[in-house]
Amino acid sequence: MNYDISKEPIVIQEVIDKVVNRNAGAVTTFIGTVREMTKGKKTLFLIYEAYKPMAIKKLEQIGSEIKERWPDAETAITHRVGKLEITDIAVVIAVSTPHRNDAYEANRYAIERIKEIVPIWKKEHWEDGETWVGNQLETVPYPKGKPEEVDIDD
Amino acid sequence: MNYDISKEPIVIQEVIDKVVNRNAGAVTTFIGTVREMTKGKKTLFLIYEAYKPMAIKKLEQIGSEIKERWPDAETAITHRVGKLEITDIAVVIAVSTPHRNDAYEANRYAIERIKEIVPIWKKEHWEDGETWVGNQLETVPYPKGKPEEVDIDD
Amino acid sequence: MINVLLFAQLKDELGKETLSIEGNGMSVAQLKGKMKIEFQLEGLETVMTAVNEEFADDETILSDGDTVAFIPPVSGG
Amino acid sequence: MINVLLFAQLKDELGKETLSIEGNGMSVAQLKGKMKIEFQLEGLETVMTAVNEEFADDETILSDGDTVAFIPPVSGG
(Lines give C-alpha, C1' and ligand atoms only; values in the text may rest on other atoms or scores of the structure.)
Protein backbone atom coordinates (compact mmCIF):
# COMPACT_ATOMS: atom_id res chain seq x y z
CA MET A 1 0.00 0.00 0.00
CA ASN A 2 1.26 3.43 -0.96
CA TYR A 3 0.35 5.27 2.26
CA ASP A 4 1.67 4.08 5.56
CA ILE A 5 2.40 5.03 9.15
CA SER A 6 5.35 3.02 10.42
CA LYS A 7 6.95 2.32 13.77
CA GLU A 8 10.02 0.95 12.00
CA PRO A 9 12.74 3.01 10.32
CA ILE A 10 11.70 3.98 6.79
CA VAL A 11 13.64 2.44 3.93
CA ILE A 12 13.70 5.17 1.27
CA GLN A 13 14.18 2.77 -1.63
CA GLU A 14 11.03 0.86 -0.68
CA VAL A 15 8.95 4.04 -0.92
CA ILE A 16 10.52 4.94 -4.27
CA ASP A 17 9.88 1.44 -5.63
CA LYS A 18 6.15 2.00 -5.19
CA VAL A 19 6.09 4.84 -7.74
CA VAL A 20 8.68 3.87 -10.37
CA ASN A 21 7.04 2.76 -13.60
CA ARG A 22 7.63 2.70 -17.34
CA ASN A 23 5.89 6.02 -17.93
CA ALA A 24 7.83 7.88 -15.26
CA GLY A 25 10.71 10.06 -16.37
CA ALA A 26 11.13 11.77 -13.03
CA VAL A 27 10.84 10.72 -9.43
CA THR A 28 11.18 13.28 -6.66
CA THR A 29 11.49 12.37 -3.04
CA PHE A 30 11.15 14.50 0.02
CA ILE A 31 12.87 13.12 3.10
CA GLY A 32 12.14 14.88 6.35
CA THR A 33 14.96 14.33 8.83
CA VAL A 34 15.33 15.30 12.46
CA ARG A 35 17.40 18.47 12.65
CA GLU A 36 19.52 19.20 15.69
CA MET A 37 19.29 22.99 15.89
CA THR A 38 16.14 25.10 15.52
CA LYS A 39 16.49 28.82 16.10
CA GLY A 40 19.50 28.26 18.32
CA LYS A 41 17.78 25.59 20.43
CA LYS A 42 19.19 22.08 20.54
CA THR A 43 16.88 19.15 20.02
CA LEU A 44 17.83 15.89 21.75
CA PHE A 45 15.18 13.67 20.17
CA LEU A 46 11.57 13.73 18.97
CA ILE A 47 8.48 11.67 19.60
CA TYR A 48 5.97 11.40 16.75
CA GLU A 49 2.44 10.29 17.53
CA ALA A 50 -0.34 9.63 15.00
CA TYR A 51 -4.05 8.95 14.93
CA LYS A 52 -3.12 6.08 12.69
CA PRO A 53 -6.32 5.04 10.84
CA MET A 54 -7.28 8.64 10.15
CA ALA A 55 -3.70 9.60 9.26
CA ILE A 56 -3.61 6.88 6.61
CA LYS A 57 -6.97 8.06 5.25
CA LYS A 58 -5.67 11.61 5.05
CA LEU A 59 -2.49 10.51 3.30
CA GLU A 60 -4.69 8.65 0.81
CA GLN A 61 -6.75 11.81 0.37
CA ILE A 62 -3.58 13.75 -0.45
CA GLY A 63 -2.79 11.09 -3.04
CA SER A 64 -6.25 11.58 -4.55
CA GLU A 65 -5.83 15.35 -4.61
CA ILE A 66 -2.52 14.94 -6.42
CA LYS A 67 -4.11 12.56 -8.92
CA GLU A 68 -6.78 15.17 -9.68
CA ARG A 69 -4.21 17.89 -10.30
CA TRP A 70 -1.51 15.73 -11.92
CA PRO A 71 -3.32 12.72 -13.44
CA ASP A 72 -0.10 10.96 -14.46
CA ALA A 73 1.48 11.20 -11.02
CA GLU A 74 2.03 8.22 -8.76
CA THR A 75 2.50 8.99 -5.07
CA ALA A 76 3.70 7.07 -2.04
CA ILE A 77 4.11 8.43 1.49
CA THR A 78 5.38 6.78 4.66
CA HIS A 79 5.46 8.64 7.96
CA ARG A 80 7.32 7.34 10.97
CA VAL A 81 6.00 7.34 14.55
CA GLY A 82 7.78 6.77 17.85
CA LYS A 83 11.11 8.07 19.09
CA LEU A 84 13.43 9.60 16.50
CA GLU A 85 17.02 10.64 16.99
CA ILE A 86 18.87 13.43 15.16
CA THR A 87 19.17 12.62 11.39
CA ASP A 88 16.47 9.92 11.61
CA ILE A 89 13.86 10.00 8.88
CA ALA A 90 10.39 11.22 9.86
CA VAL A 91 8.71 11.11 6.46
CA VAL A 92 9.40 10.04 2.90
CA ILE A 93 7.29 11.31 0.01
CA ALA A 94 7.94 9.85 -3.44
CA VAL A 95 6.20 11.15 -6.55
CA SER A 96 6.75 9.96 -10.11
CA THR A 97 5.54 11.77 -13.22
CA PRO A 98 6.42 11.67 -16.92
CA HIS A 99 8.06 15.12 -16.73
CA ARG A 100 10.14 16.69 -13.99
CA ASN A 101 8.28 19.90 -13.23
CA ASP A 102 5.20 18.02 -12.14
CA ALA A 103 7.26 15.73 -9.92
CA TYR A 104 8.60 18.72 -7.97
CA GLU A 105 5.26 20.50 -7.78
CA ALA A 106 3.25 17.47 -6.73
CA ASN A 107 5.81 16.49 -4.12
CA ARG A 108 5.77 19.94 -2.60
CA TYR A 109 2.01 19.90 -2.57
CA ALA A 110 2.12 16.65 -0.60
CA ILE A 111 4.34 17.96 2.19
CA GLU A 112 2.29 21.14 2.56
CA ARG A 113 -0.90 19.13 2.83
CA ILE A 114 0.63 16.77 5.38
CA LYS A 115 1.30 19.78 7.56
CA GLU A 116 -2.33 20.87 7.21
CA ILE A 117 -4.55 17.83 7.48
CA VAL A 118 -2.75 14.68 8.61
CA PRO A 119 -3.23 13.93 12.33
CA ILE A 120 0.40 13.46 13.35
CA TRP A 121 2.06 15.30 16.20
CA LYS A 122 5.64 15.95 17.12
CA LYS A 123 6.93 16.35 20.66
CA GLU A 124 10.29 18.08 20.78
CA HIS A 125 12.61 17.13 23.59
CA TRP A 126 15.07 19.96 24.16
CA GLU A 127 17.96 20.14 26.56
CA ASP A 128 15.76 22.16 28.91
CA GLY A 129 12.32 20.64 28.50
CA GLU A 130 9.79 19.25 26.10
CA THR A 131 6.84 20.53 24.13
CA TRP A 132 4.28 19.44 21.59
CA VAL A 133 4.97 21.46 18.49
CA GLY A 134 1.98 23.53 17.46
CA ASN A 135 0.82 24.45 14.03
CA GLN A 136 4.03 24.86 12.05
CA LEU A 137 2.21 26.71 9.33
CA GLU A 138 1.44 29.43 11.86
CA THR A 139 -1.99 29.86 10.44
CA VAL A 140 -4.81 30.79 12.76
CA PRO A 141 -6.48 28.07 14.79
CA TYR A 142 -9.62 26.46 13.49
CA PRO A 143 -12.59 28.46 14.76
CA LYS A 144 -15.05 26.15 13.04
CA GLY A 145 -13.47 23.03 14.49
CA LYS A 146 -12.13 21.77 11.20
CA PRO A 147 -9.90 23.06 8.42
CA GLU A 148 -11.60 25.70 6.31
CA GLU A 149 -12.54 24.65 2.81
CA VAL A 150 -9.78 26.85 1.47
CA ASP A 151 -7.31 24.82 3.49
CA ILE A 152 -8.62 21.51 2.27
CA ASP A 153 -9.06 22.34 -1.36
CA ASP A 154 -6.09 24.53 -2.05
CA MET B 1 33.24 12.63 -3.64
CA ASN B 2 29.87 14.30 -4.08
CA TYR B 3 29.89 14.57 -7.89
CA ASP B 4 30.31 11.51 -10.01
CA ILE B 5 29.82 9.99 -13.44
CA SER B 6 29.21 6.26 -13.12
CA LYS B 7 29.13 3.29 -15.45
CA GLU B 8 27.46 1.24 -12.73
CA PRO B 9 23.81 1.44 -11.67
CA ILE B 10 23.28 4.29 -9.20
CA VAL B 11 22.36 3.36 -5.64
CA ILE B 12 20.04 6.15 -4.53
CA GLN B 13 20.75 5.69 -0.83
CA GLU B 14 24.47 6.17 -1.39
CA VAL B 15 23.84 9.57 -2.96
CA ILE B 16 21.50 10.58 -0.15
CA ASP B 17 24.02 9.49 2.48
CA LYS B 18 26.46 12.09 1.16
CA VAL B 19 24.17 14.99 2.13
CA VAL B 20 22.43 13.86 5.32
CA ASN B 21 23.76 15.71 8.35
CA ARG B 22 22.68 16.95 11.77
CA ASN B 23 21.66 20.37 10.49
CA ALA B 24 19.51 19.03 7.68
CA GLY B 25 15.77 18.96 8.20
CA ALA B 26 14.95 18.23 4.60
CA VAL B 27 16.53 16.18 1.85
CA THR B 28 15.09 16.27 -1.64
CA THR B 29 16.13 13.90 -4.36
CA PHE B 30 15.51 14.05 -8.05
CA ILE B 31 15.75 10.72 -9.82
CA GLY B 32 15.71 10.80 -13.59
CA THR B 33 14.48 7.50 -15.00
CA VAL B 34 14.21 6.21 -18.55
CA ARG B 35 10.63 6.70 -19.76
CA GLU B 36 9.18 4.39 -22.36
CA MET B 37 6.87 6.75 -24.26
CA THR B 38 7.73 10.27 -25.45
CA LYS B 39 5.13 12.04 -27.56
CA GLY B 40 3.71 8.72 -28.67
CA LYS B 41 7.09 7.30 -29.65
CA LYS B 42 8.40 4.18 -27.94
CA THR B 43 11.94 4.16 -26.60
CA LEU B 44 13.70 0.77 -26.50
CA PHE B 45 16.79 1.89 -24.61
CA LEU B 46 19.17 4.84 -24.24
CA ILE B 47 22.91 5.35 -24.43
CA TYR B 48 24.39 8.09 -22.29
CA GLU B 49 27.84 9.40 -23.12
CA ALA B 50 29.84 11.96 -21.13
CA TYR B 51 32.99 14.01 -21.45
CA LYS B 52 33.79 12.68 -18.03
CA PRO B 53 36.48 14.97 -16.55
CA MET B 54 34.67 18.10 -17.70
CA ALA B 55 31.28 16.72 -16.69
CA ILE B 56 32.53 16.20 -13.14
CA LYS B 57 33.96 19.73 -13.11
CA LYS B 58 30.63 21.13 -14.27
CA LEU B 59 28.71 19.14 -11.66
CA GLU B 60 31.09 20.57 -9.05
CA GLN B 61 30.42 24.02 -10.46
CA ILE B 62 26.69 23.49 -10.02
CA GLY B 63 27.39 22.52 -6.42
CA SER B 64 29.32 25.77 -5.95
CA GLU B 65 26.53 27.80 -7.49
CA ILE B 66 24.05 26.17 -5.11
CA LYS B 67 26.33 26.90 -2.16
CA GLU B 68 26.42 30.57 -3.14
CA ARG B 69 22.65 30.81 -3.34
CA TRP B 70 21.79 28.44 -0.46
CA PRO B 71 24.82 28.50 1.87
CA ASP B 72 23.45 25.77 4.15
CA ALA B 73 22.75 23.34 1.32
CA GLU B 74 24.74 20.15 0.76
CA THR B 75 24.54 18.68 -2.73
CA ALA B 76 25.49 15.36 -4.31
CA ILE B 77 24.93 14.36 -7.93
CA THR B 78 25.66 11.10 -9.73
CA HIS B 79 24.98 10.70 -13.45
CA ARG B 80 25.04 7.33 -15.16
CA VAL B 81 26.64 6.61 -18.53
CA GLY B 82 26.33 3.62 -20.85
CA LYS B 83 23.27 1.66 -21.90
CA LEU B 84 20.10 2.21 -19.89
CA GLU B 85 16.88 0.25 -20.11
CA ILE B 86 13.36 1.55 -19.41
CA THR B 87 12.99 2.54 -15.72
CA ASP B 88 16.77 2.58 -15.20
CA ILE B 89 18.12 5.58 -13.32
CA ALA B 90 20.04 8.17 -15.35
CA VAL B 91 20.72 10.72 -12.64
CA VAL B 92 20.26 11.21 -8.91
CA ILE B 93 20.46 14.66 -7.33
CA ALA B 94 20.30 14.89 -3.55
CA VAL B 95 20.15 18.21 -1.71
CA SER B 96 19.88 18.72 2.03
CA THR B 97 18.99 21.99 3.73
CA PRO B 98 17.75 23.02 7.17
CA HIS B 99 14.31 23.93 5.77
CA ARG B 100 12.27 22.30 3.05
CA ASN B 101 11.64 25.13 0.61
CA ASP B 102 15.34 25.53 -0.07
CA ALA B 103 15.75 21.80 -0.62
CA TYR B 104 13.16 21.85 -3.41
CA GLU B 105 14.45 25.04 -4.97
CA ALA B 106 18.11 24.07 -4.92
CA ASN B 107 17.36 20.62 -6.30
CA ARG B 108 15.40 22.05 -9.17
CA TYR B 109 18.18 24.49 -9.86
CA ALA B 110 20.59 21.58 -10.14
CA ILE B 111 18.62 19.66 -12.77
CA GLU B 112 18.08 22.78 -14.87
CA ARG B 113 21.78 23.53 -14.80
CA ILE B 114 22.69 19.96 -15.70
CA LYS B 115 20.61 20.37 -18.82
CA GLU B 116 22.47 23.57 -19.67
CA ILE B 117 26.15 23.07 -18.98
CA VAL B 118 27.12 19.48 -18.22
CA PRO B 119 28.65 17.66 -21.23
CA ILE B 120 26.50 14.54 -21.25
CA TRP B 121 24.57 13.29 -24.26
CA LYS B 122 21.70 10.91 -24.69
CA LYS B 123 21.15 8.73 -27.73
CA GLU B 124 17.57 7.50 -27.99
CA HIS B 125 17.02 4.15 -29.59
CA TRP B 126 13.45 3.98 -30.91
CA GLU B 127 11.67 1.12 -32.54
CA ASP B 128 12.37 2.75 -35.92
CA GLY B 129 15.82 4.25 -35.53
CA GLU B 130 18.13 6.16 -33.27
CA THR B 131 19.08 9.76 -32.68
CA TRP B 132 21.21 11.92 -30.43
CA VAL B 133 18.82 14.08 -28.48
CA GLY B 134 19.47 17.77 -29.04
CA ASN B 135 19.07 20.62 -26.69
CA GLN B 136 16.12 19.64 -24.52
CA LEU B 137 15.71 23.17 -23.29
CA GLU B 138 14.91 24.17 -26.85
CA THR B 139 16.86 27.35 -26.45
CA VAL B 140 18.72 28.72 -29.41
CA PRO B 141 22.09 27.24 -30.33
CA TYR B 142 25.23 28.92 -29.06
CA PRO B 143 26.27 31.50 -31.64
CA LYS B 144 29.29 32.52 -29.57
CA GLY B 145 30.48 28.95 -29.14
CA LYS B 146 29.76 28.76 -25.43
CA PRO B 147 26.77 29.32 -23.18
CA GLU B 148 25.88 32.97 -22.82
CA GLU B 149 26.67 34.51 -19.47
CA VAL B 150 22.98 34.61 -18.70
CA ASP B 151 22.88 30.86 -19.17
CA ILE B 152 25.82 30.22 -16.92
CA ASP B 153 24.96 32.62 -14.17
CA ASP B 154 21.23 32.27 -13.97
CA MET C 1 -21.88 6.54 24.72
CA ILE C 2 -19.40 8.52 22.62
CA ASN C 3 -15.82 7.26 22.34
CA VAL C 4 -13.43 10.18 22.72
CA LEU C 5 -9.80 10.10 21.57
CA LEU C 6 -7.22 12.57 22.79
CA PHE C 7 -3.80 13.24 21.34
CA ALA C 8 -0.62 15.19 22.00
CA GLN C 9 -1.02 17.96 24.60
CA LEU C 10 -4.67 17.07 25.24
CA LYS C 11 -3.68 13.52 26.08
CA ASP C 12 -0.93 14.76 28.38
CA GLU C 13 -3.31 17.23 30.03
CA LEU C 14 -5.98 14.65 30.75
CA GLY C 15 -3.56 11.84 31.51
CA LYS C 16 -5.39 9.39 29.26
CA GLU C 17 -5.94 8.92 25.56
CA THR C 18 -9.45 7.47 25.42
CA LEU C 19 -12.64 7.87 27.39
CA SER C 20 -16.36 7.20 27.08
CA ILE C 21 -18.86 9.96 27.71
CA GLU C 22 -22.63 10.35 27.45
CA GLY C 23 -23.36 12.47 24.41
CA ASN C 24 -26.06 10.92 22.22
CA GLY C 25 -27.77 13.74 20.29
CA MET C 26 -25.26 16.38 21.33
CA SER C 27 -23.40 18.58 18.86
CA VAL C 28 -19.63 18.52 18.81
CA ALA C 29 -19.69 21.98 20.40
CA GLN C 30 -21.88 20.71 23.22
CA LEU C 31 -19.58 17.75 23.80
CA LYS C 32 -16.61 20.10 23.96
CA GLY C 33 -18.45 22.22 26.52
CA LYS C 34 -19.28 19.18 28.62
CA MET C 35 -15.70 17.97 28.55
CA LYS C 36 -14.40 21.36 29.50
CA ILE C 37 -16.56 21.35 32.61
CA GLU C 38 -16.13 17.70 33.61
CA PHE C 39 -12.38 17.48 33.06
CA GLN C 40 -11.23 21.11 33.27
CA LEU C 41 -9.78 20.49 29.81
CA GLU C 42 -8.38 23.71 28.32
CA GLY C 43 -7.80 24.60 24.71
CA LEU C 44 -10.64 22.63 23.12
CA GLU C 45 -11.75 25.80 21.29
CA THR C 46 -8.76 25.78 19.00
CA VAL C 47 -8.57 22.11 18.09
CA MET C 48 -10.04 20.36 15.10
CA THR C 49 -12.53 17.59 15.58
CA ALA C 50 -12.89 14.33 13.70
CA VAL C 51 -16.00 12.19 13.91
CA ASN C 52 -15.43 8.63 12.80
CA GLU C 53 -12.10 9.59 11.25
CA GLU C 54 -13.34 12.51 9.17
CA PHE C 55 -13.05 16.20 10.03
CA ALA C 56 -16.36 17.55 11.34
CA ASP C 57 -17.99 20.87 12.18
CA ASP C 58 -18.84 21.98 15.68
CA GLU C 59 -22.49 21.65 14.59
CA THR C 60 -22.20 17.95 13.77
CA ILE C 61 -24.67 15.90 15.82
CA LEU C 62 -23.29 12.85 17.60
CA SER C 63 -24.84 9.44 18.10
CA ASP C 64 -24.03 6.59 20.44
CA GLY C 65 -21.08 4.63 19.15
CA ASP C 66 -19.47 7.56 17.35
CA THR C 67 -15.75 8.06 17.78
CA VAL C 68 -14.80 11.69 18.34
CA ALA C 69 -11.15 12.64 18.09
CA PHE C 70 -9.86 16.03 19.20
CA ILE C 71 -7.02 17.01 16.96
CA PRO C 72 -4.62 19.71 18.11
CA PRO C 73 -2.73 21.58 15.39
CA VAL C 74 -0.82 18.91 13.53
CA SER C 75 2.95 18.88 13.20
CA GLY C 76 3.87 15.94 11.02
CA GLY C 77 6.33 16.04 8.17
CA MET D 1 49.35 19.91 -32.26
CA ILE D 2 45.86 20.42 -30.85
CA ASN D 3 44.02 17.42 -29.37
CA VAL D 4 40.44 17.46 -30.56
CA LEU D 5 37.63 15.53 -28.84
CA LEU D 6 34.33 14.79 -30.54
CA PHE D 7 31.13 13.61 -28.93
CA ALA D 8 27.65 12.39 -29.79
CA GLN D 9 26.59 13.16 -33.37
CA LEU D 10 29.96 14.75 -34.21
CA LYS D 11 31.73 11.56 -33.20
CA ASP D 12 29.31 9.47 -35.25
CA GLU D 13 29.71 11.80 -38.23
CA LEU D 14 33.50 11.67 -38.19
CA GLY D 15 33.72 8.05 -37.15
CA LYS D 16 36.27 8.77 -34.45
CA GLU D 17 36.31 10.52 -31.11
CA THR D 18 39.80 12.00 -30.99
CA LEU D 19 42.22 13.45 -33.49
CA SER D 20 45.31 15.65 -33.58
CA ILE D 21 45.43 18.68 -35.84
CA GLU D 22 47.87 21.52 -36.48
CA GLY D 23 46.46 24.64 -34.89
CA ASN D 24 49.04 26.46 -32.78
CA GLY D 25 48.10 30.15 -32.69
CA MET D 26 44.72 29.63 -34.32
CA SER D 27 41.46 30.84 -32.77
CA VAL D 28 38.72 28.34 -31.99
CA ALA D 29 36.78 29.75 -34.94
CA GLN D 30 39.73 29.18 -37.26
CA LEU D 31 40.11 25.61 -36.02
CA LYS D 32 36.43 25.01 -36.66
CA GLY D 33 36.85 26.34 -40.19
CA LYS D 34 39.83 24.11 -40.81
CA MET D 35 38.00 21.04 -39.55
CA LYS D 36 34.99 21.83 -41.66
CA ILE D 37 37.15 21.84 -44.79
CA GLU D 38 39.41 18.92 -43.93
CA PHE D 39 36.71 16.56 -42.66
CA GLN D 40 33.52 17.90 -44.26
CA LEU D 41 32.25 18.13 -40.68
CA GLU D 42 28.84 19.83 -40.56
CA GLY D 43 27.17 21.58 -37.67
CA LEU D 44 30.25 22.97 -35.93
CA GLU D 45 28.65 26.45 -35.95
CA THR D 46 26.06 25.49 -33.38
CA VAL D 47 28.17 23.54 -30.91
CA MET D 48 29.85 24.78 -27.78
CA THR D 49 33.60 24.54 -27.43
CA ALA D 50 35.66 23.64 -24.40
CA VAL D 51 39.38 24.31 -24.22
CA ASN D 52 41.10 22.28 -21.55
CA GLU D 53 37.76 21.36 -20.00
CA GLU D 54 36.37 24.89 -19.73
CA PHE D 55 33.88 26.53 -22.06
CA ALA D 56 35.65 28.93 -24.42
CA ASP D 57 34.78 31.64 -26.93
CA ASP D 58 35.29 31.31 -30.66
CA GLU D 59 37.99 33.99 -30.23
CA THR D 60 40.08 31.93 -27.81
CA ILE D 61 43.61 31.41 -29.16
CA LEU D 62 44.93 27.85 -29.09
CA SER D 63 48.42 26.59 -28.30
CA ASP D 64 50.12 23.30 -28.94
CA GLY D 65 49.03 20.73 -26.38
CA ASP D 66 45.60 22.26 -25.81
CA THR D 67 42.63 19.91 -25.72
CA VAL D 68 39.65 21.22 -27.65
CA ALA D 69 36.30 19.50 -27.17
CA PHE D 70 33.35 20.22 -29.42
CA ILE D 71 30.20 19.95 -27.37
CA PRO D 72 26.87 19.49 -29.13
CA PRO D 73 23.77 20.60 -27.24
CA VAL D 74 23.81 18.56 -24.05
CA SER D 75 21.01 16.20 -23.05
CA GLY D 76 21.89 14.80 -19.67
CA GLY D 77 19.51 14.52 -16.77
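These values consider heavy atoms only, across backbone and side chains, with no hydrogens, waters or symmetry-generated copies. No experiment lies behind these values; they were computed from the predicted model shown. Below, chain A is the first sequence line, B the second, and so on; all start at residue 1.
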Using a heavy-atom distance cut-off of less than 4.5 Å, which residues of residues 17-35 of chain A contact chain B? A:Val20, A:Asn21, A:Arg22, A:Asn23, A:Ala24, A:Gly25, A:Ala26, A:Val27, A:Thr28, A:Thr29, A:Phe30, A:Ile31, A:Gly32, A:Thr33, A:Val34, A:Arg35
Part of A:Ile89 within contact of chain B (heavy atom distance under 4.5 Å): neither
Choice from A:Ile111, A:Asn107, A:Thr38 maximising heavy atom contacts with chain B below 4.5 Å: A:Asn107
Between B:Thr43 and B:Glu124, do the side chains contain a donor N or O and an acceptor N or O under 3.5 Å apart? yes
Give a yes or no on whether the ring-centroid distance for A:Trp121 and A:Tyr51 is below 6.0 angstrom. no
Taking the six-membered ring of A:Phe45 as reference, does the NZ or CZ atom of A:Lys83 fall below 6.0 Å from its centre and within a 45° cone about the axis? yes
Report yes if the side chains of A:Lys41 and A:Asp128 come closer than 4.5 Å at any heavy-atom pair, otherwise no. yes
Under 4.0 Å between a side-chain nitrogen and a carboxylate oxygen: does that hold for B:Glu116 and B:Arg113? yes
Exceeds 12 heavy-atom contacts within 6.0 angstrom, atom NZ of A:Lys67: yes
Audit row: B:Ile77, B:Val91, side-chain contact (heavy atoms from CB on, under 4.5 Å) steps and yes/no: CA-CA 7 Å; B:Ile77 306 173; B:Val91 64; 4.1 Å; yes
